[in-house]
Amino acid sequence: MFHPKVPTNPMPTGLVTPSAVASIATVQHAPPPAPAPVAQPSTRPAVQLTPGTAVALVGGGTAVVLIVGAVLVSMLLAVAISGVSIAVCAVVLRSLLASERTHR
């Protein structure tokens, strides 16, 4: 079942005769086309990651993360301070309005 069965070619039973050959005609070939231009290899060096560039990339990434974090924290603090100041203003206004009603 797992062994491949290779077909065998039976021996020809008779003589094989070639078919009649047609008359030979002269064939005119066109000149070969011009070769396609080959792209010149780039003279730019390949990008290589040296230890110095790796340190620079890590340092740049760290700086970006720290700057973005500082901006986000400052925005959060600005929202928190604004909320606290609005709450204090609301308490003061409520106190003023309540005291005005009682002093009549």
Side-chain angles (χ1 to χ4, degrees):
M1 180 172 146
F2 293 110
H3 297 285
K5 295 180 181 176
V6 180
T8 57
N9 292 333
M11 295 296 291
T13 56
L15 291 175
V16 178
T17 57
S19 61
V21 178
S23 64
I24 299 173
T26 58
V27 178
Q28 296 282 339
H29 290 288
V38 178
Q40 296 296 328
S42 173
T43 57
R44 291 177 41 197
V47 177
Q48 295 178 354
L49 189 62
T50 62
T53 57
V55 169
L57 286 174
V58 169
T62 304
V64 168
V65 167
L66 289 177
I67 290 171
V68 170
V71 168
L72 291 176
V73 167
S74 64
M75 289 173 61
L76 179 65
L77 284 175
V79 170
I81 291 170
S82 299
V84 168
S85 65
I86 290 173
V88 168
C89 288
V91 169
V92 169
L93 282 174
R94 181 178 175 193
S95 172
L96 287 174
L97 290 174
S99 66
E100 186 177 297
R101 288 184 196 145
T102 58
H103 289 296
R104 283 190 182 177

Exercise. Please confirm whether the backbone N or O of Leu49 pairs with a side-chain atom of Thr53, one donor and one acceptor, at under 3.5 Å?
Key: no

Self-check item: ILVMFWY clustering at 4.5 Å (side-chain atoms), partners of Val84
Solution: Val88, Val92, Leu96

Counting only pairs under 3.5 Å, give me each side-chain donor-acceptor contact of residues 54-68, with atom names and distances, residues two or more places apart or in other chains.
unit_1	atom_1	unit_2	atom_2	d
Thr62	OG1	Val58	O	2.8

Quiz prompt | side-chain hydrogen bond (donor to acceptor under 3.5 Å, both in side chains) against Ser85, all qualifying residues, sequence neighbours excluded | solution = none

Side-chain donor-acceptor distances from residues 70-83 under 3.5 Å, at least two apart:
unit_1	atom_1	unit_2	atom_2	d
Ser74	OG	Ala70	O	3.2
Ser74	OG	Val71	O	2.7
Ser82	OG	Ala78	O	2.8

